[in-house]
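Predicted, not measured: the structure shown is a model, and the values here were computed from it. Residue numbers run from 1 in the order of the sequence given.
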Amino acid sequence: MKNADLATNTAQWKFPPGFVWGAATSAYQIEGAISADGRGRSIWDVFCRVEGAIADGSSGADACRHYELWRDDVATMKWLGLDGYRFSVAWPRIVPDGDGAINAAGLDFYDRLVDGLLEAGIEPYLTLYHWDLPSSLEDAGGWLNRRTADAFGRYAAAVADRLGDRVTHWMTLNEPYVSANLGYVTGQHAPGQRLSQADGFDAAHHLLVAHGLGVTAIRDAAPDASVGIALNFTPVTQVGPGADDAHVGAVIDAIHNRWFIEPLAGSPYPEIACRAAQWSGDVVLPDDMDLIRAPLDFLGINYYTRQLVDHTGVLAAPGPTTTMGWEIRPSTLTELLAWVHGCMGLDAYYITENGAAMPDVVSEGGVIQDHDRIEYLATHIDAVAGAVASGVPVRGYFVWSFVDNFEWSLGYEQKFGIFAIESDTYRRIPKLSALWYRNMISDSQAPESAPTTGRP
Ligand code: FCB
């Protein structure tokens, strides 16, 4: 079927009953209110003030003002027909100093949000760490310091104690690959450090220790919780026939795609990556790998694109691409899901992020006619349907993102939302993709007997 037909004939997809249609955001990208109700400082508050760190000189200080407008956002999600909403809790709101006293007002905010979601019939999918580390922990070494992992365990316990009676689905970390490598190796993200790949692996190991401690804390507080982690994958396609092309491809693949999933599945860190980085692994203590392999209920998969690699490294993507310069490649998602299932053998996977930044030209009628985003979403959902048909138990799909938001070091220039934000009023304006997603969800929930063809 052609892509345009996929987008208009959504009822063809056969997803199992109970499949979760959702949308995703994260705290620093949407909340704003960085000084409200006792919130401590995060590494992103600090990083955004560094000259040149953020493309448009902006920050998440106001972001989408979700902290203030969350009730309206929940109502909008209900209008969309979402089954699930993935959001993150801001660690600096809960433990302003990173480790130590709990700030009740911070917990109260998420308590209200969770109740509001449940009242609207929307299942909360909660991520504990989506990159906003309390800056006092960074002052003591951040993820290079193992004590940050211990502090994370205590923070996870505080959140799970408070919300574990109502939140079923928990993710410890979002994309630890990005926290470790963009935070401590390339310096593109907070805390902006440019260290060696070996240092990056130290940070990555401590993130996985934090994950393990978090899993234990959540299960202690909420024995019926469903616990996972959200990993990002950028599958590697090797270009060029040489042994050197293959070697560089294998190293990049090990760092980007294998480093986190393999220890979660009970294997050691990929040898080829350790060797390439001359990583001593001194930070790995005797019981760490057992802690890290604690059984999970699900894995969250964030997928946007693949990467082409030859002996020189990652190549510029061929077209078609999104405004991020990321190649649009839905078939890779089907292959990725089969590979991930082969590694983990779990009963449940969720696509915890998938979406596209697009130019979003406003048409004469004032509506953002984002047919390109609709096509991206339709072809990727079709790719997920393909994986489900071949036996991969994918249980849900969360579009990134609910609303245009603070896209980290790219500021507000890259727009991933299915809703735009009106400047001045902060009103959420549905793009055509929001209307499309809403129809698709209601079609997929229609009883089997409903006609599946004949829609315009
Ligand atoms: C992912 C992040 C998310 C957003 C999207 C575009 O890597 O988890 O916060 O930035 O990319």
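Among residues at least two apart or in separate chains, salt bridge (charged side-chain N to carboxylate O under 4.0 Å, His left out) pairs with a member in residues 399-427 are Asp404-Lys431, Glu422-Arg427. Applying the salt bridge (charged side-chain N to carboxylate O under 4.0 Å, His left out) test to pairs two or more places apart or on separate chains, those with a residue in residues 109-123 are Asp111-Arg162, Asp111-Arg166, Asp115-Arg166. Applying the salt bridge (charged side-chain N to carboxylate O under 4.0 Å, His left out) definition to pairs two or more places apart or across chains, those involving residues 314-333 are Arg306-Glu327. Listed by first then second residue, pairs satisfying side chain to side chain donor-acceptor pair (under 3.5 Å) with a partner in residues 206-217 read Thr172-His211, not counting sequence neighbours.
Between Trp21 and Phe15, the distance from one ring center to the other falls under 6.0 angstrom.
Under the side-chain contact (heavy atoms from CB on, under 4.5 Å) criterion, Ala230 pairs with Arg86, Met171, Asn174, Asn302, Thr352, not counting sequence neighbours. With sequence neighbours excluded, the residues forming a side-chain contact (heavy atoms from CB on, under 4.5 Å) with Ala254 are Arg258, Pro270, Ile272, Ala273, listed by chain and number. In this structure Tyr437 satisfies the ring-ring contact (aromatic ring centres under 6.0 Å, His included) test with no other residue, sequence neighbours excluded. Listed by chain and number, the residues in a ring-ring contact (aromatic ring centres under 6.0 Å, His included) with Tyr177 are His256 (sequence neighbours excluded). Scanning for side-chain contact (heavy atoms from CB on, under 4.5 Å) contacts around Ala387 gives Thr334, Leu337, Val392, with sequence neighbours left out. Residues satisfying the side-chain contact (heavy atoms from CB on, under 4.5 Å) criterion with Ala75, sequence neighbours excluded, are absent altogether. For the ring-ring contact (aromatic ring centres under 6.0 Å, His included) test, residues two or more places apart in sequence or in another chain that qualify with Tyr85 are Phe87.
Side-chain atoms of Tyr303 and Leu336, non-hydrogen and from C-beta on, do get closer than 4.5 Å to each other. Within the 4.5 Å cutoff, no side-chain heavy atoms of Trp170 are placed close to those of Tyr125. When side chains are defined from C-beta on, Val159 counts as touching Ile94, because their heavy atoms get closer than 4.5 Å. Within the 4.5 Å cutoff, the side chain of Ile218 has heavy atoms near those of the Leu128 side chain. His380 places a side-chain heavy atom less than 4.5 Å from the side chain of Ile328.
Nearest heavy atoms, Cys274 versus Trp259: SG-CZ3, 3.9 Å.
Atom CD1 of Ile255 and atom OG1 of Thr234 lie 12.5 Å apart (nearest 0.5 Å).
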For residues 33-43, please give each side-chain donor-acceptor pair under 3.5 Å, one per line with the distance, not counting sequence neighbours.
from, atom 1, to, atom 2, distance (Å)
Asp37, OD2, Tyr67, OH, 2.5
Arg39, NH1, Ile34, O, 3.1
Arg39, NH1, Asp45, OD2, 2.8
Arg39, NH2, Asp45, OD2, 3.4
Arg41, NE, Ser135, OG, 3.4
Ser42, OG, Trp44, N, 3.1
Ser42, OG, Asp45, N, 3.4

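For Glu353 and Tyr304, the side-chain atoms include at least one donor-acceptor pair closer than 3.5 Å. In summary, the side chains of Ser136 and Asp97 do not present any donor paired with an acceptor at a separation below 3.5 Å, with no hydrogens or angles considered.
Ring pair Trp408/His189 is tilted by interplanar angle, where 30° to 60° counts as tilted.
Using a cut-off of 4.0 Å between Lys/Arg side-chain N and Asp/Glu carboxylate O, Asp297 and Arg219 are scored as salt-bridged.
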